[in-house]
2 protein chains.
Amino acid sequence: MQRGRKPTKSPKEPDHASAAPSLRTISQHAGVSITTVSRVLNGRPGRIAPATVERVQRLIEEVGYRPHQSGRSLRTRESSIIAALTSDPSNAYFSAIAGSIESAGRNDNHVMILANTMGDPQRQDERLLEMRSYLTRGIVHFGAVPSPGLQRFLEQGVPMVFIIRPCPLPIEAPLVGVDDYRAGTDVAEHFISQDYRTYGVILGIEASRASERRYLGFRDRMKDAGHEVAVGGRHIGGSMMESGYLQATTLLERKPPPRAIFCTTDMLAYGAFRRCTELGLRVPEDVVLFGFDDNPLNEWVAPWLSTVRTPYESFGPSVWEVFNTLWTDRGSDPPQIILPHHLVIRPEDRAPITRHDA
Amino acid sequence: MQRGRKPTKSPKEPDHASAAPSLRTISQHAGVSITTVSRVLNGRPGRIAPATVERVQRLIEEVGYRPHQSGRSLRTRESSIIAALTSDPSNAYFSAIAGSIESAGRNDNHVMILANTMGDPQRQDERLLEMRSYLTRGIVHFGAVPSPGLQRFLEQGVPMVFIIRPCPLPIEAPLVGVDDYRAGTDVAEHFISQDYRTYGVILGIEASRASERRYLGFRDRMKDAGHEVAVGGRHIGGSMMESGYLQATTLLERKPPPRAIFCTTDMLAYGAFRRCTELGLRVPEDVVLFGFDDNPLNEWVAPWLSTVRTPYESFGPSVWEVFNTLWTDRGSDPPQIILPHHLVIRPEDRAPITRHDA
DNA sequence: CTGAAAGCGCTTACAG
DNA sequence: CTGAAAGCGCTTACAG
């Protein structure tokens, strides 16, 4: 099957490629130039005859034409892709936020790539390079770690926004998060008001500035009130739950054991919970666990977990807002959005749910 | 700043674009043609002088060059993107699977787009069209709904694999899942062996063939044994948890209420659990709840939930295997991989976790 | 072992 | 109001 003439067909032609129409397809059917179709598509200047617009639009609709992104972004040097990089993909709270970002992006026809860095600086850099090769318009970080690549990208002005966990480098970077320090003091305040007497804390990874700030706020307020805080340890690999379990093990061996424990994320508290039940301790009757994030599942399966609720549904729109700022007035101060938080004390009085339809 | 000569520069030139090297950058620095660089990059035929290879490779490494995906896929009419479409992004079990797929794709330099269809046929079709405009190499469906677009894409031979929930259309389509019917009978078998006497079931959405099959297997086996099964209702929108809650409400109003309830997914069981606790019923002492999937969080926060465990870590590699089959021998029967399942009965004897390092 | 050239699908000055 | 043409970065026959 040798064919050797000049105007070669496309190089590969997979079976289903025939199905994907191009600008040319539309232009031929409509009897106009591809320029015109492109302009209709983008609502561009150089106004086009209403009749033409309508005809072209109908055609586009009919064949389900969508411009090939590769052609478009090759030309414009810009894509409609944003990337969400995380070191902790199993975190359900992150999933919820990722979902909210994805939804918010929908309105602007953006698409979201999800990538796992495994919390490894080298992999993170690899991912960053990869994302650039896709001309991603923006990168969302959840749990970034310090790395040379991160530094370089930050300096190059690649639009990046950190969610919840601030940039791990000593650089002012765009952020959507909560006032971690303040939230920590709020939890301390609550503990003090309940007069729990003995206190402990279970921490996330060393590199997490969010975890650090929550802890500092908590500890500072406790110290002010003259209370000591026992530290269970640090997250040292494995899952957060495992880590919470191990740190709880350490804490609960103390004499006396802490009556109330602040965990800097719900996942840690889940692990601690298991240890408590193993020891026959009831939560919160014997040991109070206080988490952070309010994982969406809590209200169903963790009625024993008090926590700091952060509005995960708001992250999507806020991240979007930051990106828009970044895309338009580049050069201004890095935008930071601090979302409100509040304490959720459980068990709470729960009203039975009633069917709202039917 | 009017410039009008022929060899125009790139159309837009964002500030950070300078940072992204191209084939030309490398070729100039190396003093070879872009053809050669491209060949080194792809390990292509027409063997290249080892010295050249090395020089080029060093350069690539140095500047952190990665080929622009838009250029590449415009030329090859193929991308390295796979898409995961779901109607249920908040499902932690799905997140776990998505993570496993993403990891598996890593090895082959693929990237994963995550998109939410909201279970709406129209949105699903919109997403499908959009994914085609990105030339996605494959689409993974979790909870697809019947739609004209789905049908069309299936017929056009776009590589798609359904995970857990089979294709909702009467078409044989690639699948990675479990033997749902059999799993349903297994649960029934267990219930019977425990002699729980009164039985109920809480179901997912009508369109879910997976949920349906689990139910049928369960009901058939129960019927064989002469037991009746009370149906709580159907998922009719809202979250799965809410739905489980409402169906449990209905079931538990019966006289006598079911002693054991099979929920076709863990999320439904979570909702049911809340209703049980509201009514002061203990799980599993008063009401046995049996779920499906074994959400990774269960072992930490739901020691009361027995469930059918499906090996979510195996999904990534299996999905990949199916895609590879689809990409190579197109035309053969749609590959289907049935992963093994087993019952997890909780509360189980749990050995305390010990630190494996340090 | 290496390179010049064509062309994938798009957008956008430029010229009518 | 409309179109011809250039060029984004890549891969791949084809020709040395």
Side-chain angles (χ1 to χ4, degrees), chain A residues 1-14 17 20-28 30-53 55-56 65-80 132-135, chain B residues 1-14 17 20-28 30-53 55-56 65-80 132-135:
Chain A
M1 197 59 112
Q2 301 235 35
R3 312 163 88 265
R5 278 290 58 82
K6 268 303 165 56
T8 33
K9 283 297 297 296
S10 66
K12 235 174 168 185
E13 199 92 57
S22 76
L23 222 40
R24 189 189 315 273
T25 321
I26 305 296
S27 77
Q28 283 174 345
V32 295
S33 72
I34 59 166
T35 308
T36 300
V37 180
S38 172
R39 282 206 269 250
V40 170
L41 216 50
N42 299 298
R44 275 294 138 169
R47 272 198 292 306
I48 307 159
T52 312
V53 172
R55 187 153 35 100
V56 170
Y65 168 69
R66 293 290 179 288
H68 283 49
Q69 294 295 331
S70 49
R72 176 177 285 198
S73 63
L74 181 55
R75 173 62 220 239
T76 61
R77 308 181 86 10
E78 190 170 273
S79 77
S80 307
R132 190 175 60 186
S133 79
Y134 280 93
L135 294 172
Chain B
M1 200 57 112
Q2 301 235 35
R3 312 162 89 264
R5 278 291 58 81
K6 270 301 165 57
T8 31
K9 283 299 293 298
S10 67
K12 235 175 168 182
E13 200 92 59
S22 76
L23 224 38
R24 188 189 314 276
T25 321
I26 306 294
S27 77
Q28 284 173 344
V32 294
S33 72
I34 60 167
T35 308
T36 300
V37 180
S38 173
R39 282 205 269 249
V40 170
L41 216 49
N42 299 298
R44 274 294 138 168
R47 273 198 290 308
I48 307 159
T52 311
V53 172
R55 187 154 34 101
V56 170
Y65 169 68
R66 293 290 178 290
H68 283 48
Q69 295 295 332
S70 49
R72 177 177 286 200
S73 64
L74 181 55
R75 174 61 221 240
T76 62
R77 308 179 85 17
E78 189 169 273
S79 77
S80 307
R132 190 175 61 185
S133 79
Y134 281 93
L135 294 173

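Just so we're on the same page: letters track the sequence lines, and every chain starts at 1. Reckoned from all heavy atoms, side chains included, excluding hydrogens, waters and symmetry mates.
For A:Ser38, counting side-chain heavy atoms from C-beta on, the closest listed nucleotide (C:dC1, C:dC10, C:dT11) is C:dT11. Of the candidate nucleotides C:dC1, C:dC8, D:dA13, D:dA13 has the atom lying nearest to any side-chain atom of B:Arg39. Among D:dT11, C:dC10, D:dG9, the nucleotide with an atom closest to any side-chain atom of A:Pro67 is C:dC10. Which of C:dA6, D:dG3, D:dC8 sits closest to the side chain of A:Thr36 comes down to D:dG3. Side-chain proximity of B:Ser33 to D:dT2, C:dA4, C:dC10: nearest is C:dA4. The listed nucleotides are C:dC1, D:dC10, C:dG3; the one nearest the side chain of B:Tyr65 is D:dC10. Ranking D:dG9, C:dC1, D:dT11 by closeness to the B:His68 side chain, first place goes to D:dG9. In this structure, the nucleotide among D:dT11, C:dG9, C:dT11 sitting nearest to the side chain of A:Arg72 is C:dT11.
For the pair A:Ile34 and A:Ala49, nearest-nucleotide mapping onto DNA chain D gives the more 5' position to A:Ala49. Heavy-atom distances to DNA chain C give each of B:Thr35 and B:Leu74 a nearest nucleotide, and the one nearer the 5′ end belongs to B:Thr35.
Residues satisfying the salt bridge (charged side-chain N to carboxylate O under 4.0 Å, His left out) criterion with A:Arg72, sequence neighbours excluded, are absent altogether. With sequence neighbours excluded, no residue forms a side-chain hydrogen bond (donor to acceptor under 3.5 Å, both in side chains) with A:Ser70. By the side-chain hydrogen bond (donor to acceptor under 3.5 Å, both in side chains) test, B:Thr36 pairs with B:Ser33, sequence neighbours left out.
Consecutive Watson-Crick or G-U pairing (both distances under 3.5 Å) extending over three or more pairs maps onto DNA chain D as C:1-3 with D:14-16, C:5-12 with D:5-12, C:14-16 with D:1-3.
Residues B:Val40 and B:Val32 form no side-chain contact, since every pair of their non-hydrogen atoms from C-beta on lies 4.5 Å or further apart.
Note on A:Thr52: only backbone sugar-phosphate atoms sit closer than 4.0 angstrom, heavy atoms only; bases stay farther off.
Taking the C1' atoms as reference points, C:dG16 lies 16 Å from C:dT12, given to the whole Å.
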